Amino acid sequence: MTASPYQSYRSSEVRGLEQIPAHWEEERAKHFFRPVDERSETGEEQLLSVAENRGVELRDDEKVNMRKAESYEGYKLCQPGDLVINSMWAWKRGLGISNYSGIISTAYSVFRLRDSSLFEEKYLDWLLRTDLYVGEYLCRSQGVWKSRLTLSDREFLDIPIIRPPIEEQRAIVHEIGDTLDDIEAYIAKKRDLIDLLETQRRAVTNRAVTQGLDDGMEMTDSGVEWLGEIPAQWEQIRLKYLTEEIIDAEHKTAPAHSDGDYLVVRTSNIRDGRLVLDDAYYTNEEGFREWTQRGVPQPGDILFTREAPAGEACLVPEDVPLCLGQRVVCIRVDAEKLDASFAMRILNSNLTDEFIRVSSRGATVDHFNMSDIGKIPFLVPPLEEQKRIVDHIDERTSEIDDAIDQAERQIELMEQYRTSLVAEVVTGQVNVRDAVAV
């Protein structure tokens with residue numbers, strides 16, 4: 001694939017895009033699209049959703065934590081080639097060209113091309129999901145909080161849309177399609193590697209917290225088929241007998257404040273034993289006071305998720321004032337019986353996963369009641385041995401963590417390259433085929 005600038009350019013009205021090839025067309029979206037509002041009479045069509053990274057896709061209810069509607073009658077219909085926009089998430093790339101016939105939420109907008117021969121669907125999908133157009137959606141969306149910004153149909157239809165000749169669109173799709181497929185294959189292999197590394201890391205933890213470190217230890221039957229033998233001198237005891245306090249969150253999440261100083265920990269912030277702040281959510285002092293009436297999480301406490309998903313745990317860090325979001329619990333262990341770092345690893349092990357699975361049997365999603373948390377089974381060695389096990393796990397997993405971080409960084413760089421490549425080509429900043437240059 002060769003790439004070079006076009007021979008001549010003219011100015012563009014798209015925000016942040018200085019120029020487009022001189023022979024490309026640019027018109028308001030209303031010139032190309034019309035809104036449609038067709039409704040399902042039965043609600044039995046294929047249910048669709050819009051994902052930030054994947055666009056319009058078939059909805060997998062097993063991956064959706066929201067409760068299923070009793071009926072989808074009256075949901076909006078969309079057809080292949082329609083543009084579907086989640087109006088509240090357009091600024092986060094919550095839109096795409098559908099490849100499917102199906103139904104979507106009535107909160108979404110559906111637009112249909114007035115003349116389908118004007119656009120190659122893949123080109124149009126790439127174009128409308130570029131950072132340039134996402135910037136347009138953000139600037140045109142209305143709302144008090146960023147998380148509630150909404151792009152109206154009127155504002156979308158006023159956005160300038162650039163359009164190369166259809167032959168060029170096809171050439172663009174053909175020329176960069178293979179490159180993008182190669183990038184996707186590379187990313188998929190890196191994700192597979194990460195999965196293997198995470199499995200290896202989990203195996204190290206599982207063995208250490210259920211078998212100990214000394215091969216010569218006396219073992220005894222645990223009475224649990226899948227667990228097998230455990231160290232004879234370790235105590236089997238429920239979590240509630242090892243804690244000073246288990247603090248439940250309010251049954252809603254504190255109000256967000258863009259300039260707030262107090263982190264609200266949601267279930268999405270707790271992953272693989274870490275507090276993840278990629279999607280941090282903050283509240284102000286008033287919200288913090290209200291949401292910590294049941295107790296203020298202290299450094300060294302354990303944060304634990306009751307749902308979405310259940311069973312993720314991490315330690316409360318130093319110097320981060322925080323309160324609990326919905327479905328998050330704070331566990332304060334009895335330091336004379338249990339090392340918090342060891343307890344956190346038990347909660348992230350197969351021992352707890354299996355207990356959650358059994359306790360949640362028959363439920364749509366894994367869910368823990370407060371009484372369930374207190375019943376989590378623990379294998380408890382002496383305190384000194386607990387600390388040796390934690391040191392062992394940290395030592396054995398540090399290289400694994402480094403390898404995971406490296407793979408994630410490689411994925412990030414490749415995704416940045418993919419985004420840059422698509423944006424440059426679909427906006428005409430480079431011409432990938434001299435054969436179609438004018």
Side-chain angles (χ1 to χ4, degrees), residues 1 49 51-55 57-60 62-65 92-93 96 122 125-126 129 131 176-211 213 226 266-280 303-305 308-315 317 341-342 344-354 356-357 365-366 389-423:
M1 182 181 74
S49 63
E52 176 182 343
N53 296 320
R54 299 178 299 277
E57 61 182 4
L58 302 177
R59 175 165 155 174
D60 183 352
E62 292 184 1
K63 296 181 180 179
V64 177
N65 294 313
K92 287 196 72 175
R93 207 170 273 104
K122 180 61 70 174
D125 187 71
W126 287 342
R129 290 168 53 81
D131 288 344
I176 68 173
D178 289 343
T179 301
L180 296 183
D181 288 343
D182 290 342
I183 292 173
E184 290 299 327
Y186 174 89
I187 291 174
K189 287 181 179 179
K190 289 298 178 181
R191 294 199 190 283
D192 288 343
L193 173 61
I194 290 173
D195 288 342
L196 289 172
L197 291 169
E198 289 178 341
T199 299
Q200 182 181 354
R201 179 176 61 188
R202 193 171 184 87
V204 169
T205 299
N206 288 330
R207 177 174 175 77
V209 300
T210 60
Q211 304 292 306
L213 306 179
W226 69 268
R266 297 171 292 170
T267 57
S268 60
N269 298 125
I270 306 173
R271 289 290 179 269
D272 300 322
R274 303 176 183 177
L275 185 64
V276 180
L277 301 182
D278 293 344
D279 189 23
L303 301 173
F304 183 78
T305 62
E312 294 280 355
C314 72
L315 294 176
S341 294
F342 178 81
M344 184 267 288
R345 285 160 175 82
I346 287 275
L347 292 170
N348 280 316
S349 74
N350 287 353
L351 193 63
T352 300
D353 282 352
E354 182 64 15
I356 292 173
R357 186 186 68 80
V365 296
D366 289 345
I389 289 172
V390 170
D391 291 342
H392 168 83
I393 292 172
D394 287 346
E395 182 180 349
R396 288 287 307 277
T397 59
S398 62
E399 291 185 4
I400 298 175
D401 289 338
D402 289 344
I404 290 174
D405 289 343
Q406 181 179 5
E408 289 176 341
R409 178 58 179 161
Q410 289 168 339
I411 290 173
E412 182 182 353
L413 291 172
M414 192 58 71
E415 288 176 337
Q416 290 174 357
Y417 170 68
R418 177 183 60 193
T419 299
S420 175
L421 171 66
V422 170

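Heavy atoms only: backbone and side chains are in, while hydrogens, waters and symmetry mates are out. On a predicted model such as this, the values are computed, not experimentally measured, just so you know.
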Margin query: Has R202 got a side-chain atom pairing as donor or acceptor with N348's backbone, closer than 3.5 angstrom?
Written below: yes
Next item on the list: Specify the closest pair of heavy atoms between V422 and W126, including all atoms of both residues, with the distance to one decimal.
Entry: CG1-CB, 3.7 Å
Note to self: Any side-chain to backbone donor/acceptor pair from S398 onto E395? Under 3.5 Å, distance only.
What the structure shows: yes
Check: Does the distance from a Lys or Arg side-chain N to an Asp or Glu carboxylate O, for E415 and R191, drop under 4.0 Å?
Finding: yes
Check: More than 12 foreign heavy atoms under 6.0 Å from CD of Q410: is that the case here?
Finding: yes
Notebook entry, point to check: If you measure from CG on D405 to CD on E412, what distance do you get to the nearest 0.5 Å?
Noted result: 11.0 Å
Notebook entry, point to check: If you look at every heavy atom in A51 and E57, which pair is closest and at what distance?
Noted result: CB-OE2, 3.5 Å
Note to self: I need the D401 CG to R396 CZ distance, nearest 0.5 Å.
What the structure shows: 12.5 Å
Notebook entry, point to check: Side chains of P309 and R271: does their closest heavy-atom pair fall under 4.5 Å?
Noted result: yes
Check: Short question: side chain of T205, backbone of I393 - any donor-acceptor pair under 3.5 Å?
Finding: no
Notebook entry, point to check: Between atom CD1 of I411 and atom CD1 of I183, what is the distance when rounded to the nearest 0.5 Å?
Noted result: 13.0 Å
Next item on the list: With the side chain counted from C-beta on, respond yes when D394 and R345 share a heavy-atom pair under 4.5 Å apart, and no when they do not.
Entry: yes
Next item on the list: Evaluate the side-chain proximity of L351 to V209: yes if any heavy-atom separation is below 4.5 Å, no if none is.
Entry: no
Next item on the list: Would you mind reporting whether Q406 and R409 have side-chain heavy atoms less than 4.5 Å apart?
Entry: no
Notebook entry, point to check: Of the non-hydrogen atoms in T352 and I346, which two are nearest, and what is the gap between them?
Noted result: OG1-O, 2.9 Å
Checklist line | pair E312-T267: side-chain heavy atoms closer than 4.5 Å | finding: no
Margin query: Tell me the closest heavy-atom pair linking A313 and F304, and the distance in Å.
Written below: CB-CD1, 4.0 Å
Check: Under 3.5 Å, is there a donor-acceptor pair between the side chain of R59 and the main chain of S49?
Finding: no
Check: Would a distance-only check, ignoring hydrogens and angles, find a side-chain to backbone donor-acceptor pair under 3.5 Å from N206 to N350?
Finding: yes
Checklist line | Shortest non-hydrogen contact between L315 and S341, atoms and distance | finding: CD1-OG, 3.5 Å
Notebook entry, point to check: So which heavy atom on A403 is nearest to which on L197, and how close?
Noted result: CB-CD1, 3.8 Å
Note to self: Measuring from atom CD1 of I356 to atom OG1 of T305, what distance do you get when rounded to the nearest 0.5 angstrom?
What the structure shows: 7.0 Å
Next item on the list: Keeping the roles fixed (side chain from R129, backbone from E52), state whether a donor-acceptor pair exists under 3.5 Å.
Entry: yes
